[in-house]
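The figures that follow rest on heavy atoms only: side chains count, while hydrogens, waters and symmetry mates do not.
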Amino acid sequence: MIELSFQNLDAAAAQKLVNDIATEITPVKLPPDQTSIQVASVPFYDDFKFFALSDKTLPPPNTRYMLYKTGDVSLLNWTNEPIYSVNERAPIKLDRKTVIPYAKFFFHYVRGQLGRFIIVEKPDEVVWLANANDKEKADVAKHLMPVTYKGIGRDNLFTLTATVVFKNALFRTDIKIAPYDMDVFDPELGAPEHFTIGQMKLTNEDLLLEELNVPIDPPPGEFG
């Protein structure tokens with residue numbers, strides 16, 4: 001599970017920030033006097049902070065997310081593009097200590113049209129439907145593992161191993177992450193594959209359990 005320590009901006013600072021970013025986030029509009037803002041530091045960026053911007057004129061869900069440093073705004077939209085773009089501009093810092101928090105952040109705030117990959121490390125992180133039974137929960141619990149750093153592989157990519165829920169199935173998978181802008185030979189394609197810094201790829205997926213009684217998220221909307 002992703003762990004971010006958010007702090008509230010006071011009303012004056014929130015209003016100033018909304019006014020400062022108004023042009024850059026067009027066509028999104030936020031009411032300066034009705035937007036509450038929280039900010040958190042992330043260990044893989046030096047200058048960019050992570051912001052949650054909640055439009056209090058709308059009912060929940062009403063929060064958008066943004067990576068921001070003075071003069072550089074990147075509003076997240078549940079695709080990988082804004083994060084990959086910031087990775088190159090920041091640039092992102094990836095090492096043994098930051099690569100796991102980065103992976104958790106990425107998979108929480110990137111949600112594909114075909115489904116969402118949810119990293120689950122502990123039983124209480126699994127969201128169940130009301131009809132899930134104790135045996136099913138126990139079967140899942142015995143497979144769960146912390147996200148594990150496996151080092152840099154022969155392909156020169158960081159390698160993590162994690163358990164993830166995708167739709168109604170549980171998988172164990174490797175997560176490959178590029179430490180810099182690079183080309184990696186893909187044996188399936190028989191050709192090099194280009195990775196930008198911080199680009200992700202799932203490999204070696206192992207289906208552990210399926211037909212689980214868990215909610216399947218719809219494709220993301222404006223607020224997730």
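Between the CG atom of Leu114 and the CZ atom of Phe166 there is a distance of 6.5 Å, given to the nearest 0.5 Å. With values rounded to the nearest 0.5 angstrom, Arg116 atom CZ is found 14.5 Å from Lys167 atom NZ. Rounding to the nearest 0.5 angstrom, the gap separating the CE atom in Met182 from the OG1 atom in Thr196 is 11.0 Å. For the atom pair CG of Asn19 and NZ of Lys16, the computed distance is 9.0 Å after rounding to the nearest 0.5 Å. The line from OH of Tyr65 to CG of Asn77 is 14.0 Å long, rounded to the nearest 0.5 Å. For the atom pair CG (Leu129) and CG (Asn131), the distance works out to 5.5 Å, reported to the nearest 0.5 Å.
In the hydrophobic cluster analysis, where Ile, Leu, Val, Met, Phe, Trp and Tyr join through side-chain heavy atoms closer than 4.5 angstrom, Tyr45 is grouped together with Leu76. In this structure, Leu58 is not a member of the same hydrophobic cluster as Leu75, with clusters built from ILVMFWY side-chain heavy atoms closer than 4.5 Å. Criterion: ILVMFWY side-chain heavy atoms under 4.5 Å apart, direct or through other members. Under it, Tyr149 and Ile175 are part of a common hydrophobic cluster. Cluster annotation: Met200 is connected to Leu67 through the hydrophobic network of ILVMFWY side chains, with a link wherever side-chain heavy atoms come within less than 4.5 Å. Linking ILVMFWY side-chain heavy atoms closer than 4.5 Å, directly or via other members, places Ile216 and Val127 in two distinct hydrophobic clusters.
No side-chain N or O of Asp55 forms a donor-acceptor pair with one of Thr35 less than 3.5 Å apart.
Classification of the Trp78-Tyr109 ring pair by plane angle, with boundaries at 30° and 60°, yields parallel.
The two residues Leu160 and Ala103 have their closest heavy-atom pair at CD1-CB, 3.7 Å. Minimum interatomic distance between Thr57 and Pro31 (heavy atoms only, all atoms of both residues): CG2-CG, 4.0 Å.
Under the 4.0 Å criterion applied to side-chain N and carboxylate O atoms, Lys176 and Asp155 are assigned as salt-bridge partners. The pair Asp72-Arg89 meets the salt-bridge criterion, since a charged nitrogen lies less than 4.0 angstrom from a carboxylate oxygen.
In this structure, Ile25 and Tyr68 have side chains that are not in contact, with every pair of non-hydrogen atoms separated by 4.5 Å or more. Proximity of Thr163 to Glu121: side-chain heavy atoms (C-beta onward) are nowhere separated by under 4.5 Å. With a 4.5 Å cut-off on side-chain heavy atoms, Val42 and Leu4 count as touching. Between Glu136 and Asn213, some side-chain heavy-atom pair lies under the 4.5 Å cut-off. In this structure, the side chains of Val140 and Trp128 come closer than 4.5 Å at one or more pairs of heavy atoms. Residues Lys137 and Pro123 have side chains not in contact (no heavy-atom distance under 4.5 Å, counting atoms from C-beta outward).
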query = How far apart are the C-alpha atoms of Tyr102 and Lys93, what are their side-chain angles, what is the distance that settles it, and do they pass the side-chain contact (heavy atoms from CB on, under 4.5 Å) test?
reply = CA-CA 9 Å; Tyr102 169 63; Lys93 300 184 305 177; over 6 Å; no
query = Yes or no on ring pair (Phe, Tyr, Trp, His ring centres under 6.0 Å) for Phe117 and Phe106, after CA distance, side-chain angles and deciding distance?
reply = CA-CA 10 Å; Phe117 291 95; Phe106 182 92; over 10 Å; no
query = Given the rule in the side-chain contact (heavy atoms from CB on, under 4.5 Å) test, do Val126 and Leu144 qualify, once you have shown the distances and angles that lead to the verdict?
reply = CA-CA 10 Å; Val126 181; Leu144 300 182; 4.1 Å; yes
task = Could you walk me through whether Val39 and Leu17 pass side-chain contact (heavy atoms from CB on, under 4.5 Å), step by step?
result = CA-CA 11 Å; Val39 59; Leu17 179 58; over 6 Å; no
inquiry  = The test is side-chain contact (heavy atoms from CB on, under 4.5 Å); show your working for Lys201 and Asp186 and say whether it passes.
reply    = CA-CA 12 Å; Lys201 183 177 184 178; Asp186 186 326; 3.0 Å; yes
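Checking Asn87, Asp95, Ile92, Val86 one by one against Phe44, the side-chain contact (heavy atoms from CB on, under 4.5 Å) holds for a single residue, Ile92.
Although no hydrogens or angles enter the test, the distance criterion places no donor-acceptor pair under 3.5 Å between the side chain of Thr161 and the main chain of Thr148.
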